Amino acid sequence: MVADASTTVEVTLSEARGAAKTPASEEDDTTEWTKTANVFEYGAAANPVMAPIPVLVHPASLHETGDTRVIPFDINDCLEIETHCTSPNLMASFARVRVGESLDTSAVATSQAFYVIRGAGVSKSEHGVVSWGEGDLFVVPNTEGVVTHTCVESTMGGAALYWVHDEPLMDYLGVKPHGKKFEPTMFKRERMLAEVEEIRHAATEGERNRLGVLLGNKACEQTKTLTHVLWSLLNSIPARTVQRPHRHNSVALDLAVSASANVYTLMGKEIDATGAIIDPIRCDWTPGGVFVTPPGWWHSHHNESDDVAWVLPMQDAGLYTHQARSIHWFPYDRVRVVNADP
């Protein structure tokens, strides 16, 4: 019988338990399941103490010499995480490919990004073949096989790629990517630089704390991010300028694309009343090197040289941006009450 709107249906807890009573022939696992249950007092567990993200520098010397190989930034032991990772959700590596040789890379990931630090060549995967040169960046979605990179020409005997993907996130969730969320996408160096130059001409002095371009994907129209997981910005610091202290919620894996001497980042956990970072750590930029900025840390970029400096941060902020819609202002006249009745 289907109850109408005026009918009240009451089922007691004992009746519900009786209806779901386990047949005598089946074993009841309730006791076993309770063994993995933890209950915490809220105040003691609401902000759990976790292994912090360290400030690390991965120098360019790692990819300037040697055989064709992948050079991973593996710090899962520091983070007390079982899977290989550079941050909880991302894995970053250098890839060196000697001239005339090829290198296979693979990851169980929804998103893989490759930035060309040095050299020229081609990369081949199930998604097709793409040609690349210094300063180009391309992303590929879920790839069942490998991506094969071949170096055609380069200084220092080989090409160098900066490779970032989200396999650690997949491992944490215990899942494998299904299908692809975006199409393979290439960002050519010439276009990115032209866009930055256009912004530079349009901006008035002191108007912007960033002089760069966010790299977006047509599949991510709302978040305006590189992929639905990855976020990246090609950011320039003009000569003799400072990018004021700022912070973000996700770990930044920062590639110093170009920098002369006396270009550096100051970072720390707190700022004083004037906005200056308290007891900062200094990370000097080395072209082709990577430094890690912990989440929530204040940091400022300083260019005391006579040349423009460039940095390419890679973050998992595609996820954060997607989640942040919950804090966006919602107009009152658009509030809709969801009625459970059909």
Side-chain angles (χ1 to χ4, degrees), residues 53-64 70-75 85-87 89-97 105 107 111-119 123 132-139 149 154-156 158-166 186-189 192-193 196 210-215 225-227 229-237 243 246 248 250-261 263-265 267 282-295 297 299-303 305 307-318:
I53 305 294
V55 177
L56 295 175
V57 175
H58 306 277
S61 58
L62 293 173
H63 59 67
E64 292 176 341
V70 171
I71 304 132
F73 309 159
D74 191 348
I75 63 166
C85 64
T86 309
S87 73
N89 290 339
L90 301 180
M91 182 69 200
S93 306
F94 290 138
R96 175 175 168 81
V97 189
T105 60
S111 309
Q112 298 186 61
F114 298 90
Y115 177 83
V116 184
I117 300 172
R118 180 181 65 255
S123 293
W132 41 260
E134 183 175 322
D136 294 341
L137 184 150
F138 60 97
V139 291
H149 313 277
S154 178
T155 59
M156 298 186 181
L161 304 175
Y162 179 44
W163 176 33
V164 180
H165 59 77
D166 62 359
M186 165 66 82
F187 300 84
K188 297 297 290 183
R189 175 179 183 271
M192 291 187 285
L193 294 181
V196 173
R210 303 284 200 292
L211 194 55
V213 286
L214 281 171
L215 305 180
T225 51
L226 187 62
T227 75
V229 173
L230 297 178
W231 175 99
S232 190
L233 163 76
L234 182 60
N235 188 26
S236 69
I237 316 296
Q243 188 178 99
H246 55 284
H248 34 70
S250 55
V251 183
L253 309 176
D254 298 291
L255 171 69
V257 174
S258 175
S260 300
V263 179
Y264 57 92
T265 292
M267 59 180 77
R282 172 169 168 158
C283 284
D284 286 280
W285 294 18
T286 303
V290 170
F291 60 94
V292 178
T293 303
W297 279 40
H299 52 284
S300 55
H301 302 310
H302 302 252
N303 184 355
S305 76
D307 303 309
V308 177
W310 295 86
V311 65
L312 181 83
M314 197 73 70
Q315 303 176 32
D316 58 355

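The shown structure was predicted, so the numbers you read here are calculated from the model rather than taken from an experiment.
Here the OG-CD distance, from S232 to Q315, works out to 8.5 Å after rounding to the nearest 0.5 Å. Atom CZ in R282 sits 9.0 Å away from atom NE2 in H302 (nearest 0.5 Å). Here the straight-line distance linking atom OG1 of T86 with atom CD1 of I75 works out to 6.5 Å at 0.5 Å rounding. Atom CD1 of residue I237 and atom OG of residue S258 lie 11.5 Å apart, to the nearest 0.5 angstrom. The OG atom of S61 lies 8.5 Å from the CZ atom of F94; values are rounded to the nearest 0.5 Å. With rounding to the nearest 0.5 Å, the separation of NE2 in H149 from CH2 in W163 is 7.0 Å.
In this structure, V57 and C283 approach most closely via the heavy-atom pair CG2-SG, 4.1 Å. What you find for M186 and W132 is that their closest heavy atoms are CE-CB, 4.3 Å. Closest of all the heavy-atom pairs between P295 and I53 is CD-CG1, 3.6 Å. Summarising the geometry of E134 relative to R118, their closest heavy-atom pair is OE1-CA, 4.2 Å, with the distance given to 0.1 Å. Considering all non-hydrogen atoms of both residues, P287 and A60 come closest at O-CB, 3.2 Å.
Under the 4.5 Å side-chain criterion, counting only non-hydrogen atoms from C-beta, V139 is not in contact with S111. Inter-residue side-chain proximity for L137 and L226 is flagged as met; some heavy-atom pair is nearer than 4.5 Å. Proximity of L230 to L215: side-chain heavy atoms (C-beta onward) are nowhere separated by under 4.5 Å. Counting only heavy atoms from C-beta outward, the side chains of F73 and V292 never approach each other to under 4.5 Å. Proximity of D284 to F291: side-chain heavy atoms (C-beta onward) are nowhere separated by under 4.5 Å. For the pair Y115/L255, a side-chain contact is recorded, criterion being any heavy-atom separation below 4.5 Å from C-beta on. By the 4.5 Å heavy-atom criterion applied to side chains, V116 and R189 are not counted as neighbours. T105 has its side chain out of reach of H165: every pair of non-hydrogen atoms, C-beta onward, lies at least 4.5 Å apart.
With respect to L312, the side-chain contact (heavy atoms from CB on, under 4.5 Å) criterion is satisfied by exactly one of L234, L233, I117, V290: L234.
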**Prompt:** Given L253 and Y162, is the side chain to side chain contact (heavy atoms under 4.5 Å, CB included) satisfied, shown in steps?
**Reply:** CA-CA 10 Å; L253 309 176; Y162 179 44; 3.2 Å; yes

**F138/S123 under side chain to side chain contact (heavy atoms under 4.5 Å, CB included): CA gap, chis, key distance, verdict** = CA-CA 10 Å; F138 60 97; S123 293; 3.5 Å; yes

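At a cut-off of 3.5 Å, with distance as the only test, a side-chain donor of H248 or H299 sits close to an acceptor on the other residue. Between the side chains of N89 and S87, not a single donor N or O lies within less than 3.5 Å of an accepting N or O.
Residues meeting the side-chain hydrogen bond (donor to acceptor under 3.5 Å, both in side chains) test with T265, sequence neighbours left out: W285, H301.
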